[in-house]
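Notes for the one structure printed next.
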Amino acid sequence: MNRMSWFNTVSLSLGFAFLYIPMIILVIFSFNESKLVTVWAGFSTKWYGELMQNEAFLNAAWVTIKVAVFSSTIATVLGTMAAYVLVRGGRFFGRTLFSGMIYAPLVMPEVITGLSLLLLFIGIGLDRGVFTIVLAHTTFAMCYVSVVVSSRLVTFDKSLEEAALDLGCSPAEAFRLVTLPIIAPAVISGWLLAFTLSLDDLVIASFTSGPAATTLPIKIFSAVRLGVSPEINALSTIMIAIVTVGVITASLVTKHQMVRQKRDEQAAART
Amino acid sequence: MTLPVFEPWNDPEAKPLIEFQNVTKRFGDFTAIDDLTIGIYEREFFALLGPSGCGKTTLMRMLAGFETPTEGKIFLSGQDMAPVPPNKRAVNMMFQSYALFPHLSIWDNIAFGLKREGQSKGEIETRVSDMLRLTRLEKFARRKPHQISGGQRQRVALARSLAKAPKLLLLDEPLGALDKKLRQDTQFELMDIQEKTGTTFVIVTHDQEEAMTVASRVAVMDNGKIIQVATPADIYEAPNSTYVADFIGDVNLIEGTATPTDEDTYALHWREGAEPLTVKTATTFSDGQTAHLAIRPEKVTISAERPEDADNAVQGKILDIAYLGNISTYHVELPSGAVIKAQAANTRRIARRSYTWEDTVWLSWTATAGVLLAD
Ligand SMILES: Nc1ncnc2c1ncn2[C@@H]1O[C@H](COP(=O)(O)OP(=O)(O)OP(=O)(O)O)[C@@H](O)[C@H]1O
Ligand SMILES: [Mg+2]
């Protein structure tokens, strides 16, 4: 292996430091005994204990997860359908307009999306709560899903679907039995993207949430305005831990699949 | 005793299984199929031959239902196919690109169509293992398509389309990636399947020998049109144009002007000062009409002395000899600069060959050996 030049080493270290030092500081201070965030007073896990007693934070966390699961699932279904129609639908009237419109929310400032949704919900007299946040998140996450899925569908060999039709599948069966299994990785990453987007959205959620339901980002943001408490450090550390575990699990699963595939190949070669 | 000959196309009573009526297919302003009319009969083994891009795949895709004709109609067993979707047609197609399902094993690929039909597990298992045996893929049943070679993939595609035993099977270059031995075996298997099941085959091939071996009729296409449809022997012996003569096999084309000399006999004036060539043909040419004599190399005899009783004889010098094992092709240059190919069987060892480079030889052929073509 080539040894890295000192320039590469330095830039790599600087980059990583820039990314991770703030997080490391946050994790360290979550174990601080003192109430003052910036003064180290010894190791303690008491803020974690207190966090567990904090009803408001726990509620917000629960709402956030509910919203993320529902909205990303609905967004994945709708986004995949939209992508399929846009890539496979052939030429239909207004197609260009449609595909333009589906990408528009990606570049639209979040404030505008949030505001317009707020106006809509007030207009139709919908009480703001979990349901409205799910609707709002579905709306904007759907675009991301459809972008991810359609980029996969563009490279998808159409003759596979034709072969399925030829062998007696109805178009719906061809989609379920051939297209979907093959594009599944793109659909899953679309779902993950939608899930993370929903998890850390602050702007749109603050427009569309009501007093009945607050998400974690909103809660943290409003708490921080009153001063950073070690409790929030503890909460953030937990979130970092969850994300880290998630990422590691995902990569382990992928790796495991690759190993299994290789083993299959070797097994097949032996017979 | 004569065997009953299979030529439904000569029987005015017979109804074709497939009928194309003035079918035109355009992609934008490009015409891929141009006003094509053809009938293919049940139990035929119909071969489509033609240069790349002439519309063979497009023709098949219209039969399978993936393209709709821009104009004209397609009938299958007398039924207009326009409103019938691909999955409701008793047609299976083997794709030129194979189109194997990458997420399924070879076994599941072959079983795919059978499962759609709702056959029982036992039936499916027997059928799939029959197909695996037929295409010699038993060892690979558990592998995925990306874990086998190109030729093996081609066989999977073939097995998958054969599995459902459809009434009409469309094979788009089914054997191109196979070695000669396996290709010949598979050709005979296909003919055997056809004998047994009575399936009608439409097959695209770039291999003329294959078309000659398997086909009941051959269609030669060019630019979206069918130039000639005939039995392999007729296509070879009696091409209707220089295009077909040139496309199928090796041919010498000699251009000249035809003068009628006798009934069915013409003198072809092909070169100033040279003796005209004598050709017998059933087609009529007017006096002075431009015509081409198409003659196959194997029908030209090569000899050291001028043969006494030959209808046509020309003298030339051997330019090149292509040794092909069983036969040799001699390229003989005439004084005019034209090169004529003559083929002779190598009945003697190569070292004892009678002629060699630069030798002056005579080429001769009979009046009926070639065909006279207008264009
Ligand atoms: N979907 C399409 N859009 C535009 N042009 C097309 C389309 N499909 C085919 N063509 C054109 O139609 C012509 C005929 O194509 P086709 O695939 O039928 O050729 P082919 O005879 O099967 O050739 P090959 O022997 O190379 O497979 C080609 O010139 C091709 O470029
Ligand atoms: Mg083709």
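Note on naming: letters A, B, ... go to the chains in the order of the sequence lines (proteins, then strands), and numbering restarts at 1 for each one.
- Within 6.0 Å of CZ on A/F98 lie no more than 12 heavy atoms contributed by other residues, nucleotides or ligands.
- No more than 12 heavy atoms of other residues, nucleotides or ligands shown are found within 6.0 angstrom of CG on B/N223.
- Around atom CZ of A/F70, no more than 12 heavy atoms belonging to other residues, nucleotides or ligands sit under 6.0 Å away.
- Using a 4.5 Å cut-off between heavy atoms, B/L100 touches chain A through its backbone atoms (N, CA, C, O) alone.
- Between the side chain of A/D166 and the backbone N or O of B/N92, no donor-acceptor pair lies under 3.5 Å.
- More than 12 heavy atoms of other residues, nucleotides or ligands lie within 6.0 Å of CZ in A/F175, so this atom counts as buried by the packing criterion.
- Between A/L167 and B/F101, some side-chain heavy-atom pair lies under the 4.5 Å cut-off.
- Heavy atoms of A/A184 lying under 4.5 Å from chain B are absent altogether.
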**OP:** Report the C-alpha distance between A/S170 and B/N87 in whole Å, list the side-chain angles of each, state the deciding distance to 0.1 Å, and finish with yes or no for side-chain contact (heavy atoms from CB on, under 4.5 Å).
**Re:** CA-CA 6 Å; A/S170 66; B/N87 51 324; 4.0 Å; yes
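- Distance alone, capped at 3.5 Å, is enough to place a donor-acceptor pair between the B/H103 side chain and the A/L177 backbone.
- Closest approach of B/F66 and A/E162 over heavy atoms only: CZ-O, 3.2 Å.
- When heavy atoms are compared at a cutoff of 4.5 Å, B/R160 approaches chain A by way of both its backbone and its side chain.
- Once rounded to the nearest 0.5 Å, the distance linking NZ of B/K88 with CG of A/L165 reads 10.0 Å.
- Contacts of A/E161 with chain B are absent, with no heavy-atom separation under 4.5 Å from either backbone or side chain.
- Annotation for A/C169 and B/F112: closest pair SG-CE2, 3.4 Å, computed over non-hydrogen atoms.
- B/L104 places none of its side-chain heavy atoms less than 4.5 Å from the side chain of A/P181.
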